[in-house]
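Protein chains get the first letters and strands the later ones, always in sequence-line order, with residue 1 at the start of each.
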Protein chains: 2
Amino acid sequence: MFKIDEVARETGLTKRTIRYYEEIGLMPAPERSEGGTRQYTQAHIEHLQRVISARDVLGFSLQEIQEYMGYAQALTGQRELYPQIREPERQLEKLREMDGTLEAQLRALDEKVGKILAMKQELEQFRNRVNAGIARLEHEHLQNEHQPETKITEGKNS
Amino acid sequence: MFKIDEVARETGLTKRTIRYYEEIGLMPAPERSEGGTRQYTQAHIEHLQRVISARDVLGFSLQEIQEYMGYAQALTGQRELYPQIREPERQLEKLREMDGTLEAQLRALDEKVGKILAMKQELEQFRNRVNAGIARLEHEHLQNEHQPETKITEGKNS
DNA sequence: TCTAACGTTGACGTTAACGTTATTATGATG
DNA sequence: CATCATAATAACGTTAACGTCAACGTTAGA
């Protein structure tokens, strides 16, 4: 059982942010002590780390993360796969819908990876040009150190 | 030469956003007609597409994109590699600094790719579980369709 | 038990990234 | 050259994602 300050240190979030994520439903509300103090579990910390990952890495808005986390929660078993649905036909429908959503999300991730790799290539190309410039300047610098006087003293006398 | 509305259609940005990006220095200010109308070139469009990519794919803030675009601009030749610096020693220093920054950016991109792939794996795992659930339900459904009457009519007569 | 440190709940403030509206000027077209 | 769709500037509005501050309750340790 952790208090909010420890969770903040573990995750790097501020206490305000942690409460805010609970407020907007991005986090399951933790149990409270008799006095009202929030008591977090390890699962809460891991949940927050997923949220951070989605936020920072994918650049998702917190709204988008809510959808994504719906599946992540199910994945970690914090929530049942098909909760209170009794009729098997509705269950099947729901599962097929989830499969479709997941497929779309996976495709989106592939696309992102592709674009990042493209940017990487551009940056690498550019870095090569920079390195070529460095090499050239270093070469010129060497020239100037090995025969510097010749040009300067030239045409003075003789 | 494009007017702002064509640029908007090409890039998918609104006119407001295009002007805003110019305002905060995220875009080189285009030439103006005598009357003051902005006249964009193909280079401007490509520039904007890079900005969009960095914004959407990497989730960068516009501030962060400014730094990134410093290099991207040099890459497309819209800006010289080492502009008005005359002293070769300062040039070398500058180039080495750029190389360092680029290396850091490349590492950051690698890290992002890694995290995305990790998320992909989790989603794929979860999708497998969903598909297993679908298969199970479909199987049960078949059972119910092949021998439905037997149970219902059973015990009626005979 | 008392107190210092921490927690909670409002409530208002802030910043980035635009949207929207109004007013006025521009430019292609019949 | 008249006009009608566009463009520009200015200014205020909006939303997400928190920060900050005040007032008050809780908790753990001397």
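Remark: C1' of dA28(D) and CE of Met1(A) are 18 Å apart, rounded to the nearest angstrom. When rounded to the nearest whole Å, the span between CD of Glu34(A) and C1' of dT27(D) equals 12 Å. Rounding to whole angstrom units, OH of residue Tyr40(B) and P of dA7(D) are separated by 10 Å. As rounded to whole Å, 14 Å separates atom P of dA7(D) from atom CD of Glu22(B). In this structure, NZ of Lys3(A) is placed 8 Å from C1' of dA28(D), rounded to the nearest angstrom. Taking atom CD of Glu23(A) as the reference point, atom P of dG19(D) lies 13 Å away to the nearest angstrom. Between the C1' atom of dT27(D) and the CZ atom of Arg32(A) lies a distance of 16 Å, rounded to the nearest Å. At whole-Å resolution of the value, CD1 in Ile4(B) and P in dA8(D) are 5 Å apart.
Ion pairing of Glu93(A) with Arg90(A) is present here, as a side-chain N (NZ or NE/NH1/NH2) and a carboxylate O approach within less than 4.0 Å.
Across every non-hydrogen atom of Lys3(A) and Tyr40(A), the tightest pair is C-CD1, 4.2 Å. The two residues Lys15(B) and Ala8(B) come nearest to each other via the heavy atoms CG-CB, 4.2 Å. In plain terms, the two heavy atoms of Gly25(B) and Gln66(B) that are nearest each other are O-OE1, 3.7 Å. Closest non-hydrogen pair, Ile45(B) versus Thr11(B), comes out as CG2-CG2, 4.2 Å.
The backbone N or O of Glu89(B) lies less than 3.5 Å from no partner atom in the side chain of His141(A), so there is not a single donor-acceptor pair.
Look at Arg19(B) and you won't find any side-chain N or O under 4.0 angstrom from OP1 or OP2 of dT9(D).
Under the 4.5 Å side-chain heavy-atom criterion for grouping Ile, Leu, Val, Met, Phe, Trp and Tyr, Leu117(A) is connected to Phe60(B) within one hydrophobic cluster.
At the heavy-atom level, Arg38(B) lies under 4.0 Å from the strands shown only through sugar-phosphate atoms.
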Sugar-phosphate or base contact per nucleotide [nucleotides 11-22 of chain C; S, B, -; heavy atom under 4.0 Å]: ------BBBB--
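Residue order along DNA chain C, read from the 5' end via each residue's closest nucleotide, puts Thr37(A) first among Ser33(B) and Thr37(A).
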